[in-house]
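The chains referred to below are lettered A, B, ... by the order of the sequence lines, with proteins before strands, and numbering in each begins at 1. Fair warning: this is a prediction, and the values are worked out from it, not measured in the lab.
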Protein chains: 2
Amino acid sequence: MMKLSKMSDYAVVMMTLMGADPLANHTATTVAEKSGLTVPTVRKLMKMLSKAGLLNSTRGVNGGYTFAKNPNMINVSEIIEAVDGPIAMTTCLDRTQTTCVMDSHCPTKDRWHVINDAVRTALQAVTLGQFIEPTNPLVRVEFDEECKDNACNV
Amino acid sequence: MMKLSKMSDYAVVMMTLMGADPLANHTATTVAEKSGLTVPTVRKLMKMLSKAGLLNSTRGVNGGYTFAKNPNMINVSEIIEAVDGPIAMTTCLDRTQTTCVMDSHCPTKDRWHVINDAVRTALQAVTLGQFIEPTNPLVRVEFDEECKDNACNV
DNA sequence: CTATATAGAACAAATATTGTCCCATATATA
DNA sequence: TATATATGGGACAATATTTGTTCTATATAG
């Protein structure tokens with residue numbers, strides 16, 4: 001059904017919940033509680049989001065995750081790609097794959113990238129901030145205000 | 001990876017190959033030969049495309065499939081939906097599904113339809129004709145010329 | 001030194017997709 | 001009318017993918 005994976009769906013939900021308090025330090029445990037997802041699953045996703053550079057992580061006691069950038073500067077495409085890898089509508093656009101039944105005499109090969117780009121653009125156009133705002137319209141203001149005098153790499 | 005299903009990918013390939021001869025009668029067997037896909041798979045897909053109203057079918061000897069409309073009037077979204085069902089990025093947008101872990105307290109529910117629409121729009125913007133044209137620039141002309149005096153419901 | 005928290009990798013279970021097969025129905029032709 | 005050919009519909013096993021969990025390693029505050 002051309003569906004987003006559950007994992008990236010979860011990731012967007014998690015990020016949205018975290019975004020309600022965009023400056024806080026979030027642990028896998030607290031996010032699991034807020035979201036209703038299990039701790040192991042949240043842990044797995046947090047790692048991915050951190051690895052992708054969307055979250056900063058701190059290990060050890062009092063460790064956890066903070067936003068690496070302003071939620072308004074994070075788009076949905078970034079979250080999805082962090083979890084599911086590059087958006088590739090067809091196997092031939094996925095560089096990690098090599099095999100294709102049709103291979104060279106495939107008549108559609110060249111046209112897919114147009115669609116692929118269109119989908120990616122659509123996903124890039126929506127920011128995490130837009131997901132958060134209905135819940136908390138002050139997110140952006142909060143984040144930017146606080147960060148003026150701090151080390152946030154907005 | 002937010003990927004198209006193989007089936008709908010195959011369907012686009014098949015339709016593209018058929019589009020090289022847009023007025024001809026195509027059987028599952030001939031399309032299987034041209035595409036390199038197996039006959040049972042092609043049969044299954046042809047049925048779906050026919051049921052969706054993209055192809056007209058004729059049973060019995062000399063039966064087969066013809067385009068139900070001008071390939072330029074068929075968009076990629078139609079082909080995908082014929083095979084995979086409605087484009088629903090998340091489970092909560094899929095009306096055939098009911099269960100969702102988060103259900104009512106899901107913070108992202110309302111925003112997804114924006115993205116969903118954007119993706120659908122992107123897929124609607126590309127026509128089958130655009131897939132065919134690099135192979136055969138005359139498709140549109142051929143189809144329309146022939147249909148002027150015929151029963152084609154263009 | 002201990003408790004807490006993330007990093008990374010490997011794995012079993014659950015789910016979804018694929019590909020195939022069967023039988024029913026329609027139709028042109030001998 | 002009998003036969004060969006073609007699609008229609010549904011069921012199914014095999015396969016692939018995704019999901020969710022668990023384990024061990026590493027980092028750090030107190």
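Shown here are the side chain to side chain donor-acceptor pair (under 3.5 Å) partners of B/Asp117, two or more places apart in sequence or in another chain: B/Arg120. Judged as a side chain to side chain donor-acceptor pair (under 3.5 Å), and not counting sequence neighbours, the contacts of B/Thr27 are B/Thr30.
Toward the 5′ end of DNA chain D lies the nearest nucleotide of A/Met7, the other residue of the pair A/Gly60 and A/Met7 mapping further downstream. A residue-by-residue look at A/Pro40 and A/Val61 shows that A/Pro40 has its nearest nucleotide of DNA chain D further toward the 5' end.
In this structure, B/Ile132 and B/Pro71 approach most closely via the heavy-atom pair CD1-CB, 3.7 Å.
A/Asp84 and A/Ser8 share a side-chain donor-acceptor pair at under 3.5 Å.
Remark: P of C/dT17 and CE of B/Met48 are 11 Å apart, rounded to the nearest angstrom. Whole-Å rounding puts the A/His26 NE2 to C/dA5 P distance at 15 Å. Straight-line distance from the CE atom of B/Met18 to the C1' atom of D/dT7: 13 Å, rounded to whole Å. Atom-to-atom, CG of B/Asn56 to P of C/dA26 comes out at 18 Å; the value is rounded to the nearest Å. Atom C1' of nucleotide D/dA29 and atom CG of A/Asn25 are separated by 13 Å, given to the nearest angstrom. A/Tyr10 places its OH atom 14 Å from the C1' atom of D/dT21, with the value rounded to the nearest Å. If you take CG of B/Leu45 and P of D/dG9, they are 15 Å apart, rounded to a whole angstrom. Computed from coordinates, the B/Lys6 NZ to D/dA14 P distance equals 18 Å when rounded to whole Å.
Listed candidates were D/dT19, C/dT20, C/dT29. Nearest to the side chain of A/Ser5 is D/dT19.
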Identify the pairs formed between an N or O of the protein and an N or O of nucleotides 7-9 of chain C at a distance under 3.5 Å, and give each distance.
{"residue": "C/dA7", "atom": "OP1", "partner": "A/Ser57", "partner atom": "OG", "Å": "2.7"}
{"residue": "C/dA7", "atom": "OP2", "partner": "A/Tyr65", "partner atom": "OH", "Å": "2.7"}
{"residue": "C/dA7", "atom": "O4'", "partner": "A/Arg59", "partner atom": "NH2", "Å": "2.5"}
{"residue": "C/dG8", "atom": "N7", "partner": "A/Lys47", "partner atom": "NZ", "Å": "2.8"}
{"residue": "C/dG8", "atom": "O6", "partner": "A/Lys47", "partner atom": "NZ", "Å": "3.1"}

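Residue A/Thr27 places none of its side-chain N or O atoms closer than 4.0 Å to OP1 or OP2 of C/dT4.
Pairs engaging residues 73-83 of chain B under the side chain to side chain donor-acceptor pair (under 3.5 Å) rule: B/Lys69-B/Glu78 [sequence neighbours left out]. Applying the salt bridge (Lys or Arg N to Asp or Glu O under 4.0 Å) test to residues at least two apart or on different chains, none of the pairs has a partner in residues 22-31 of chain A.
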Which pairs of donor and acceptor atoms, one on a side chain in residues 37-46 of chain A, lie under 3.5 Å apart (sequence neighbours left out)?
{"residue": "A/Thr38", "atom": "OG1", "partner": "A/Thr41", "partner atom": "OG1", "Å": "3.0"}

